[in-house]
Number of protein chains: 2
Amino acid sequence: MVQALSRRDRVRAATTQEILQTARRLLVEQGPTAVTLRAIAREMGMTAPALYRYFDSHDELLRHLVADIFTDLADHVRGAIHAVHVGPAGRSEDEVLGAMLIAGCREFRAWTLEHVPEFSMIFGSPLPGLEVLHEMSADPTVDCGYQFGQVFLELFGNLYRKRPFAIPADDEIQPSLRNQLRRYREIVGSDLPLGALQTFLRCWVLLYGTVSLEAFGHMEFALQDASPMFELMLADLAPMVGLEYLSSDRAVVRLAR
Amino acid sequence: MVQALSRRDRVRAATTQEILQTARRLLVEQGPTAVTLRAIAREMGMTAPALYRYFDSHDELLRHLVADIFTDLADHVRGAIHAVHVGPAGRSEDEVLGAMLIAGCREFRAWTLEHVPEFSMIFGSPLPGLEVLHEMSADPTVDCGYQFGQVFLELFGNLYRKRPFAIPADDEIQPSLRNQLRRYREIVGSDLPLGALQTFLRCWVLLYGTVSLEAFGHMEFALQDASPMFELMLADLAPMVGLEYLSSDRAVVRLAR
DNA sequence: TGACAATCGTAAACAGTGTATGCCAAGTTT
DNA sequence: AAACTTGGCATACACTGTTTACGATTGTCA
């Protein structure tokens with residue numbers, strides 16, 4: 001029973017979006033400390049208390065901003081994955097899936113480096129006060145976070161189902177981890193074996209570590225350009241999912257024997 | 001020509017330390033937003049402007065705090081490494097070095113999980129305004145950061161020299177990375193081959209990624225207890241430095257054949 | 001169409017924050 | 001003893017999030 005939005009509701013939604021866009025622009029142009037209620041209002045030709053008609057607090061505004069950024073990132077990764085489809089033909093479906101996974105990882109890094117402030121917002125140290133919000137509350141942050149994870153998980157699952165790679169058997173997984181993976185599998189509603197989920201999480205650790213290290217500048221003590229380290233990471237990641245890492249330049253992957 | 005500190009200088013140094021201790025206590029007990037000049041002064045029975053006699057600004061105070069935390073972490077890791085010495089005898093010197101490396105990684109994680117606010121401060125998203133401070137300025141942060149890195153690098157070097165493990169040859173390293181590694185080697189004054197430094201950085205990526213993911217809570221979408229993932233990471237890391245990962249419980253490592 | 005009520009904006013105020021200025025007492029140096 | 005440096009204070013300014021009371025516009029309904 002979806003009711004058509006009244007004109008009033010539409011302008012309200014538009015204003016809400018404009019607030020978030022302004023907040024994001026401030027975040028990008030002037031850093032996280034600049035995204036204050038007064039600054040947002042000033043940019044929009046309003047006063048700060050007016051924003052309370054749209055968000056209960058500064059924190060809630062930030063949470064919605066985080067959710068927005070999450071979906072933006074997810075969209076970009078999804079887009080990069082879909083773009084592989086239109087690539088040169090002649091590849092097996094398996095190879096396309098492999099290329100998609102690598103392309104998704106690359107896009108994750110590319111987006112991050114182009115949006116460091118946003119990345120810090122969603123993947124940096126948890127913002128004070130924005131942290132311990134339990135699952136019951138309808139927090140848009142966690143929903144969009146899950147949704148982002150699903151982008152990778154679905155692709156990962158497709159690849160595994162199309163061309164299963166080596167994963168640990170259930171009894172090879174550490175018992176405590178096994179139980180947690182079972183719970184995780186229920187939450188995301190997946191049908192993958194636990195070993196595949198373990199591999200998935202290990203890949204996530206690799207990807208996140210490499211990219212966040214570079215984005216946060218915690219690698220500059222040694223390297224100014226960390227892209228070779230990212231390629232090394234891909235070379236580690238590929239065989240974990242049955243791919244053979246070939247060229248760093250052309251993003252080519254082959255199926256491992 | 002080291003002059004003895006006058007009584008005045010000593011009390012000044014003591015006060016400076018007390019300020020930093022108070023700041024850290026506020027950070028731990030009430031989060032990063034609570035470490036304000038006024039709060040620090042209030043805790044010490046002073047007023048905020050008085051703190052400007054010791055630090056030029058709030059930023060500089062935070063930078064010194066970061067430096068303090070860095071050396072604290074380095075001390076803990078060093079301590080854990082040295083504690084291996086007094087372990088059960090009968091092991092070859094190589095095996096002791098391997099056990100030290102694993103112990104250092106474990107301590108890094110343990111310290112982090114016990115000091116999440118501090119960890120966020122030094123390894124989280126760069127604080128606004130505290131970021132682009134170039135090398136020329138005498139920033140205590142970068143010095144202590146380097147010093148922390150040296151703890152692991154020295155141990156890593158000792159292990160490699162005592163029992164060299166497989167590393168890529170110079171011409172197997174990507175050219176851009178090779179040049180950067182050469183520069184890095186000069187800065188830290190090491191005599192290790194470039195391939196060893198590459199392996200070192202790859203280990204750092206693994207360690208940082210796993211631990212920060214857990215500390216920042218960006219793994220909770222799947223796991224509440226990420227310790228099994230840490231053990232999996234160690235199992236990945238060990239063979240990179242010629243060690244055989246055996247038991248997750250007893251922190252035992254053997255030399256790989 | 002007129003009355004009512006919800007909505008959205010404002011201005012003012014409060015308790016915080018970092019920071020700059022000026023003043024003053026105490027300790028150090030000459 | 002005189003001069004000077006040091007380390008504290010009170011004050012003030014601009015900024016923050018948030019609350020309150022008030023107005024004006026707008027949609028709804030009798």
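Note that these values count all heavy atoms, side chains included, but never hydrogens, waters or copies made by symmetry. Each chain gets a letter, A, B and so on, in the order the sequences are listed, and its residues count up from 1.
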Inset, instruction - May I ask you to say whether A:R38 pairs ionically with A:E43, meaning some side-chain N is under 4.0 Å from a carboxylate O? - result: no
Legend entry - Cationic N near anionic O, under 4.0 Å, A:R78 to A:E107: no
Nearest-angstrom distance from the residue atom [atom1] of [X] to [atom2] of [N]:
{"X": "A:E60", "N": "D:dG17", "atom1": "CD", "atom2": "P", "answer": "15 Å"}
{"X": "B:D59", "N": "C:dT19", "atom1": "CG", "atom2": "P", "answer": "7 Å"}
{"X": "A:I19", "N": "C:dG9", "atom1": "CD1", "atom2": "C1'", "answer": "12 Å"}
{"X": "B:R12", "N": "C:dG27", "atom1": "CZ", "atom2": "P", "answer": "17 Å"}
{"X": "A:L51", "N": "C:dG9", "atom1": "CG", "atom2": "C1'", "answer": "11 Å"}
{"X": "A:M44", "N": "C:dT10", "atom1": "CE", "atom2": "P", "answer": "10 Å"}
{"X": "B:H58", "N": "C:dT17", "atom1": "NE2", "atom2": "P", "answer": "10 Å"}
{"X": "B:R10", "N": "C:dT28", "atom1": "CZ", "atom2": "C1'", "answer": "15 Å"}

Inset, instruction - Using a cut-off of strictly less than 4.0 Å, decide whether B:R42 has a side-chain nitrogen or oxygen near OP1 or OP2 of C:dT17. - result: yes
Inset, instruction - Examine D:dT18: is either OP1 or OP2 under 4.0 Å from a nitrogen or oxygen in the side chain of A:Y52? Give yes or no. - result: yes
Inset, instruction - Could you list all the salt bridge (charged side-chain N to carboxylate O under 4.0 Å, His left out) pairs where at least one residue sits in residues 211-222 of chain B, not counting sequence neighbours? - result: B:R109-B:E214
Has the side chain of [X] got a donor or acceptor atom that lies under 3.5 Å from a matching backbone atom of [Y]?
{"X": "B:Q180", "Y": "A:Q224", "answer": "yes"}
{"X": "A:T141", "Y": "A:R63", "answer": "yes"}
{"X": "B:H218", "Y": "A:F123", "answer": "yes"}
{"X": "A:H82", "Y": "A:V77", "answer": "no"}

Close N or O pairs between protein and nucleotides 25-27 of chain D (under 3.5 Å):
unit_1: D:dG27; atom_1: OP1; unit_2: A:R7; atom_2: NH2; d: 2.7
unit_1: D:dG27; atom_1: O4'; unit_2: A:R8; atom_2: NH1; d: 2.9

Legend entry - Partner of A:Y184 by side-chain contact (heavy atoms from CB on, under 4.5 Å), out of A:N179, A:L197, A:L177: A:L197
Inset, instruction - For A:C144 and A:F70, work out which heavy atoms get closest and say how close. - result: CB-CB, 3.7 Å
Pairs under 3.5 Å (N/O, protein and nucleotides 8-12 of chain D):
unit_1: D:dG8; atom_1: OP2; unit_2: B:Y54; atom_2: OH; d: 2.5
unit_1: D:dG8; atom_1: N7; unit_2: B:R53; atom_2: NE; d: 3.1
unit_1: D:dG8; atom_1: O6; unit_2: B:R53; atom_2: NH2; d: 2.1
unit_1: D:dC9; atom_1: OP2; unit_2: B:T47; atom_2: N; d: 2.8
unit_1: D:dC9; atom_1: OP2; unit_2: B:T47; atom_2: OG1; d: 2.9
unit_1: D:dA12; atom_1: N6; unit_2: B:R38; atom_2: NH2; d: 3.4

